[in-house]
Amino acid sequence: MKVEFAPLSIPLKRRLQTASVVQWVFSFLGLAQCCIVLFIGLFFTRLWLVSVLYATWWLLDWDKPSKGGRRIHCIRNSVIWRYMRDYFPATLVKTAELDPSKNYVVGFHPHGVLVAGAFLNFCTEATGFLQLFPGMTPHMMMLTLWFRVPFFRDILLSGGLVPSDKDSASYVLRRRGGGNVLAIAVGGAQEALDARPGAFTLLLKNRKGFIRLAIEHGAPLVPVFSFGENELFDQVDNPKGSWLRRTQHRLQQIMGISLPLFHARGVFQYSFGLLPYRRPIFTVVGKPIKVEKKHNPSQEEVDRLHQTYIEELCKLFEEHKTKYSVPEDRHLEFI
C-alpha cells in the first residue's frame, strides 16, 4: 500500500528553512569551540577513553585533509541544505560545460561575510552541482586552522572541504583522470571586511597565487560570480584607516581569520539579529579559460594570465548583472 504524506504548509516550511539557517550560522560560529570543549572535557569524565581513541585516530588520519579529504554523500545530500537553499533562495547558474577529463581551478567572488553561496554550491548538493556538471567533483578550500579542531575537522571533510595550502591544492589538481574542481574564495578573509549590500569591490589586484597554481598544473581557470552574496548582511562601518579596521586587520594577522561586525535579522523579527537576510543568491559559473602548463612560470606569464582572468570575470559580471537587479551603471572595482 502506497502511503502519501501531505505537503508541508508554507508557515511550517518557512520555520524549517529558518531553523536550518540558524543551524548553519551558529554551528559554524560556535561548533568549533564546542568541539574543543567536548574533546578536552571528556578527559575529565568517565568517557575519557573516547577522547583518547579519537586522539589516536586523529594522529593516524592527520594527513587526510591535505590528500583530498573524505566526503560523505549522505551529509552533502542532507535535507537541511535544501531548506537552507530555499531560505534565500540560492541558485547555481551554468553558462558553459566543464570537461570531466580535466581538473579546474574555480575563482569564487565575492567572499561575502560567510561565503554562503560557495558553501551551498560546492559543499552540498542542494543546488544540484553534480546534475549541472556531471563527472565533476568539487573541493572547496578553507583556512587550515579549522582542520586542526578535533571533531570539527571531520565535519568539514564530509562536505568535501580541503585546507587552503599549496600541498592540498596540488594533490587535487594532480589527480589523474580529471573531473576535479578546486574552488577558491580568492578575496579570502580580508575581503569579508568590505562585504556589505551594494558593494562590488573585490580583493584581486595582487592575488595571483591561484593563477600560478593553475599554470603549474595546466588547470583551466573558471571565474565565478555570486550575485547577492554581499546582500545577506549589513556590517558596521569600518573605513580604511579607522580604529576598527586597524584592529580587525591586526586580529587577522594574528589569528588568520577576519572578524567582520555583521548583523541582519532575527528569528522572530526583522530589525536586528545574526541571521542573513532572505535575499536571492545567483552563483554564475563562467566559461573556462585555457591555461598552458608550465612548471616554473615567469612573473610576466602570471601577470598576463591574471589580466585575462580579470577581463573574463568583468565580462561575466557585465553580461549577467541586469538579470540579477544590479544597476547598469555599477561595475566591479579591484583593490
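It should be emphasised that the depicted structure is a prediction, and the values quoted were computed from it without experimental measurement.
Closest heavy-atom contact between E97 and P288: O-CG, 3.9 Å. What you find for N77 and R82 is that their closest heavy atoms are O-NH1, 3.1 Å. Across L221 and V291, no two heavy atoms sit closer than the pair N-CG2, 3.9 Å. Across all non-hydrogen atoms, the minimal contact from P163 to S168 is O-CB, 3.3 Å. Heavy atoms only, all atoms of each residue included: R71 and G160 are closest at NH2-CA, 3.7 Å.
At least one donor-acceptor pair closer than 3.5 Å links the side chain of Q235 to the backbone N or O of A192. Put simply, the side chain of T137 never gets that close to the backbone of N180: no donor and acceptor are under 3.5 Å apart. For H306 (side chain) and L204 (main-chain N/O), a donor-acceptor pair under 3.5 Å exists by modelled atom type. In this structure, S78 contributes its side chain and W81 its backbone to no donor-acceptor pair below 3.5 Å. Of the possible polar contacts, none joining the T283 side chain to the L92 backbone as a donor-acceptor pair under 3.5 Å is found. Here the side chain of R196 pairs a donor or acceptor atom with the backbone of V236 at under 3.5 angstrom. With hydrogens and angles ignored, the 3.5 Å screen pairs no side-chain donor or acceptor of R278 with any backbone N or O of F88. Proximity of a side-chain donor or acceptor of T45 to a complementary backbone N or O of L42 within less than 3.5 Å is detected.
A distance of 9.5 Å separates CZ of F133 from CG of N121, quoted to the nearest 0.5 Å. Expressed to the nearest 0.5 Å, how far CD1 of I155 lies from CD1 of I75 amounts to 8.0 Å. With rounding to the nearest 0.5 angstrom, the CE atom of M136 is 7.0 Å from the CG atom of N103. Between atom CZ of residue R279 and atom OG of residue S325 there is a gap of 11.5 Å, rounded to the nearest 0.5 Å. Note that the CG atom of L261 and the CG atom of L193 stand 9.0 Å from one another [nearest 0.5 Å].
A salt bridge links R245 to D194: at least one charged side-chain nitrogen sits closer than 4.0 Å to a carboxylate oxygen.
Hydrophobic cluster membership differs between V115 and L202, with clusters built from Ile, Leu, Val, Met, Phe, Trp and Tyr side chains linked at under 4.5 angstrom.
For F225 and F282, the gap between ring centers reaches or exceeds 6.0 Å. Ring to ring, Y309 and H109 are close: their centroids are under 6.0 angstrom apart.
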- Test salt bridge (charged side-chain N to carboxylate O under 4.0 Å, His left out) on K315 and E311 and set out the steps. CA-CA 6 Å; K315 183 179 178 181; E311 291 171 357; over 6 Å; no
inquiry  = For R207 and E191: C-alpha separation, side-chain torsions, deciding distance, then whether salt bridge (charged side-chain N to carboxylate O under 4.0 Å, His left out) applies.
reply    = CA-CA 11 Å; R207 294 289 175 108; E191 189 178 271; over 6 Å; no
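Using a 4.5 Å heavy-atom threshold, the side chains of Y324 and V284 count as touching.
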